[in-house]
Engineer: 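Below: one structure in structure tokens.
Worth saying up front: this structure is predicted, and the values here are computed from it rather than measured. Note that the numbering runs from 1 along the sequence shown for the chain. Just so it is clear, the values below take in all heavy atoms, side chains as well, and ignore hydrogens, waters and symmetry mates.
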Amino acid sequence: MKLTSALFGGLASLVLALGAPPAPVGAAENPGTLVVGGARGSEQYPWMASLQREGRHTCGGSLIAQRWVLTAAHCVQDAAPRDLGLRIGSADHTSGGTLAGVATIVVHPSYAAGQPNGDLALVELDRPVPQEPIPIAKASGTAGTESRIIGWGLTCPLRGCGEPPAELQETATRVVDDGACSLSGIDGPTEICTGSKELLSGNACFGDSGGPQMEGGPDAWRLTGVTSRLGAAVPVCGAGPSIYTDATAYRDWIEQTAR
């Protein structure tokens, strides 16, 4: 989508950059995955993955098969398999769980071709892991459907506003009308506009990319979305919704690739 206003153009550039993996800088400047308004995870998420570079958490991911993790395409952009590692099944991204290397990176063809959608990538692990994968839902819910996002990070809305916790955070969200994400050029059939009932609470932010959006409930969670970018031209996390790539729209590609 083209924005003719210089102001909106600058804000849009910032919005699109929020999903980029953070550079290896100090923790105060590098909040990693950021769930605004989150609280410590209330249950175990054995399929949650921390995608790491040089031992630093950079993005989230979801184990969808014993050797495959689904994440955002921009999280692995310009990365070789040897650059990446994953910690799977731990609520602490610095310890526990299972460590695995990366054998193959497969970026969705639409994203690889420079199209605005298809912000998905499959990461093949160098060995199977024992954790239980999360199933992909048959379809994502309509506007108003309750959902949940999880990740490692702060509860404040600005980059560098504090130290990121090591413990996994969660927060309640819901599917909202695509019009709330129109300034970021959302593609309705392949993306989900995700918001919260409260301003400056309950949404994703800098570095939250690749993490999951889920529908269902304990022992019945299903993966619906993958964090992509903010959904409004407002450079404050939680001030507007976020855009998640709809994993259910790409279910066939995922299943054919992650065999």
Engineer: Which heavy atom in Cys181 sits nearest to a heavy atom in Ser242, and how many Å separate them?
Structural biologist: SG-O, 3.9 Å
Engineer: Hey, what do you get for CH2 (Trp47) to CH2 (Trp221), rounding to the nearest 0.5 Å?
Structural biologist: 8.0 Å
Engineer: Can you find a pair of side-chain heavy atoms, one from Gln44 and one from Glu132, that are under 4.5 Å apart?
Structural biologist: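 Answer no - side chains too far apart.
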Engineer: List the atom of Thr104, the atom of Val106, and the distance in Å for their closest heavy-atom pair.
Structural biologist: CG2-CG2, 3.9 Å
Engineer: What I'd like to find out is whether the side chain of Arg222 reaches to under 4.5 Å of the side chain of Glu215, using heavy atoms alone.
Structural biologist: no
Engineer: Starting at CD of Glu170, measure out to CE of Met48 and round the result to the nearest 0.5 Å.
Structural biologist: 11.5 Å
Engineer: About how many Å separate CZ of Arg53 and SG of Cys75, when rounded to the nearest 0.5 Å?
Structural biologist: 8.5 Å
Engineer: Quick check: do Glu167 and Asp92 have side-chain heavy atoms less than 4.5 Å from each other?
Structural biologist: yes
Engineer: So, do Ile150 and Pro212 sit near enough that their side-chain heavy atoms are less than 4.5 Å apart?
Structural biologist: yes
Engineer: With rounding to the nearest 0.5 Å, note down the distance linking CG in Asp246 to CG in Asp119.
Structural biologist: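 It comes to 13.0 Å.
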Engineer: If you compare all heavy atoms of Ile105 against all heavy atoms of Ala79, which two are closest, and at what distance to 0.1 Å?
Structural biologist: CD1-O, 3.5 Å
Engineer: Between Thr98 and Gln131, is any side-chain donor less than 3.5 angstrom from a side-chain acceptor?
Structural biologist: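 The criterion, which ignores hydrogens and geometry beyond distance, is satisfied for Gln131 and Thr98.
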Engineer: Assess the residue pair Thr227 and Ile149 against the criterion (side chain to side chain contact (heavy atoms under 4.5 Å, CB included)); give the C-alpha distance rounded to whole Å, side-chain angles, the decisive distance to 0.1 Å, and a yes or no.
Structural biologist: CA-CA 9 Å; Thr227 316; Ile149 61 174; 5.7 Å; no
Engineer: Can you find a pair of side-chain heavy atoms, one from Thr257 and one from His108, that are under 4.5 Å apart?
Structural biologist: no
Engineer: Less than 4.5 Å apart, any side-chain heavy atom of Pro109 and any of Trp253?
Structural biologist: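 With C-beta onward as the side chain, the pair touches.
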Engineer: Given side chains that start at C-beta, do those of Val69 and Leu51 come closer than 4.5 Å, heavy atoms only?
Structural biologist: no
Engineer: Between atom OG of Ser209 and atom OH of Tyr244, what is the distance when rounded to the nearest 0.5 Å?
Structural biologist: 9.0 Å
Engineer: Heavy atoms only: give me the nearest Ile243-Ser184 pair and the separation to one decimal.
Structural biologist: CD1-CB, 3.6 Å
Engineer: Would you say Ile186 ends up clustered with Val176 if hydrophobic residues are merged whenever their side chains have heavy atoms under 4.5 Å apart, either directly or through other cluster members?
Structural biologist: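 No, separate clusters.
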Engineer: Might you point out which heavy atoms bring Tyr250 and Gly118 nearest each other, and give the distance in Å?
Structural biologist: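 Taking Tyr250 first and Gly118 second, the nearest heavy atoms are OH-N, 3.1 Å.
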Engineer: What is the minimum heavy-atom distance between Ile64 and Leu122, and which atoms define it?
Structural biologist: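 That would be CD1-CD2, 4.0 Å.
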Engineer: So Leu86 and Val129, do their side chains get closer than 4.5 Å, heavy atoms only?
Structural biologist: no
Engineer: Would the distance check show the side chain of Arg251 and the main-chain N or O of Ala137 forming a donor-acceptor pair, the cut-off being under 3.5 Å?
Structural biologist: yes
Engineer: Tell me, with the steps shown, if Leu125 and Ile88 meet side chain to side chain contact (heavy atoms under 4.5 Å, CB included).
Structural biologist: CA-CA 11 Å; Leu125 308 179; Ile88 301 166; 3.6 Å; yes
Engineer: Check whether Ser62 reaches the backbone of Leu70 with its side chain - one donor and one acceptor, N or O, closer than 3.5 Å.
Structural biologist: no
Engineer: Quick one about Thr173 and Ser147 (side-chain donor to acceptor, distance below 3.5 Å, no hydrogens or angles considered), yes or no?
Structural biologist: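 Yes, Thr173 and Ser147 have a side-chain donor paired with an acceptor closer than 3.5 Å.
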Engineer: Once rounded to the nearest 0.5 Å, what's the spacing between atom NE2 of His93 and atom CZ of Arg56?
Structural biologist: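 Output value for this atom pair is 10.5 Å.
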